[in-house]
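Report on the following structure.
Here the structure is a predicted model, which is why all the values come from computation and not from measurement. Only heavy atoms go into these numbers, but all of them, side chains included; no hydrogens, no water, no symmetry mates. FYI, the numbering just counts along the sequence from 1. Atoms within a ligand are numbered from 1 in the order they appear, just like the ligands themselves.
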Amino acid sequence: KKRIIVLVSGNGSNLQAIINACQNNLINGKIVAVISNKPDVYSLMRAKQANIPSHVINHKEFATREAFDHQLQLQIEQYQPDLIVLAGYMRILTPHFVQHYSGKMLNIHPSLLPKYPGLNTHRRAMEAGDKEHGTTVHFVTDELDGGPIILQAKVPIFDNDEEQDIVERVLAQEHQIYPLVIKWFCDDRLTMINGRAYLDQTMIPKSGYA
Ligand code: GAR
């Protein structure tokens with residue numbers, strides 16, 4: 001089984017979907033630890049309930065991003081993971097950290113990348129009058145939300161939607177596609193070579209699979 005570390009900052013509904021998929025043997029992997037940069041988040045409770053070791057490395061206790069990422073890497077290395085999964089992890093990682101885990105780190109971002117990297121993606125899509133929105137799983141590179149796309153899911157935006165309707169519609173899709181991509185990785189089907197993503201040795205189109 002592949003050894004997976006999940007980095008979180010919040011509620012952790014994606015973490016829960018991945019826990020469930022591992023428990024149901026959908027993913028040929030084991031979450032060896034959950035690490036949060038924030039104390040008291042619900043993700044930590046989810047880890048505890050699933051008997052997964054968890055750690056808080058509070059970014060506020062570090063003077064620089066480099067010092068924080070160094071500590072994060074030290075903690076991660078204790079577990080010798082095969083894969084790092086960012087699941088609602090809301091801190092920018094240093095290039096040094098990202099390069100260390102190149103080809104072994106996945107992120108999920110709540111937009112149809114390359115549209116709307118960064119924050120407040122749902123609001124930005126609504127305000128732009130977009131009729132469709134979605135979510136993207138990609139390899140992490142040192143370009144923020146810019147690594148090679150693996151898989152996207154689309155959702156409609158309806159005229160009378162509140163932001164929360166869109167949040168929930170997107171999350172429901174994330175809970176489907178993130179475990180699937182992690183399954184591919186754990187089955188050794190997914191690789192990143194020269195900044196491009198491959199599934200079964202076949203180059204994934206720049207816009208990802210949909
Ligand atoms: C998810 O929608 C995820 O795509 C997003 O945060 C949410 C976390 O929800 N991630 C980012 O915005 C990363 N920049 P969760 O904690 O319930 O999984």
Pairing donors with acceptors under 3.5 angstrom, does anything connect the side chains of [X] and [Y]?
X: His122; Y: His133; answer: yes
X: Gln73; Y: Asp69; answer: no
X: Ser13; Y: His175; answer: yes

Which of the ligand 1 atoms, numbered from 1, are nearer than 4.0 Å to a heavy atom of Ser13: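 Once the distances to Ser13 are compared, the set is 15 (P), 16 (O), 17 (O), 18 (O).
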Against heavy atoms of Pro110, which atoms of ligand 1 measure under 4.0 Å? 4 (O), 5 (C), 10 (N), 11 (C), 12 (O)
Considering non-hydrogen atoms of the protein only, which is the closest contact for atom 6 (O) of ligand 1, and what is the distance?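 Result for atom 6 (O) of ligand 1: Gly88 CA, 3.9 Å.
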Of the protein's non-hydrogen atoms, which lies at the shortest distance from atom 13 (C) of ligand 1, and what is that distance? Met90 SD, 3.6 Å
I'd like to know if Asp145 and Lys115 make a salt bridge, using a cut-off of under 4.0 Å between side-chain N and carboxylate O.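 Not counted as a salt bridge, because no side-chain N and carboxylate O are separated by less than 4.0 Å.
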Answer yes or no: is there an ion pair linking Arg3 with Asp82, defined by an N-O contact shorter than 4.0 Å?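 No, Arg3 and Asp82 are not salt-bridged.
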Backbone or side-chain N or O of [X] under 3.5 Å from ligand 1 N or O:
X: Gly12; result: yes
X: Glu174; result: yes
X: Thr135; result: no
X: Asp145; result: no

Should Ile108 be listed as contacting ligand 1, given a heavy-atom distance under 4.0 Å as the test?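 So Ile108 counts as touching ligand 1.
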Within a reach of under 6.0 Å around CG of Asn24, are more than 12 heavy atoms found that belong to other residues, nucleotides or ligands? yes
Gln173 CD to Gln152 CD distance, which is reported to the nearest 0.5 Å: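 Atom-to-atom, Gln173:CD and Gln152:CD are 12.0 Å apart.
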Shortest reach to atom 9 (O) of ligand 1 by a heavy atom, considering only Thr121, Leu171, Ile18, Leu86: Leu171
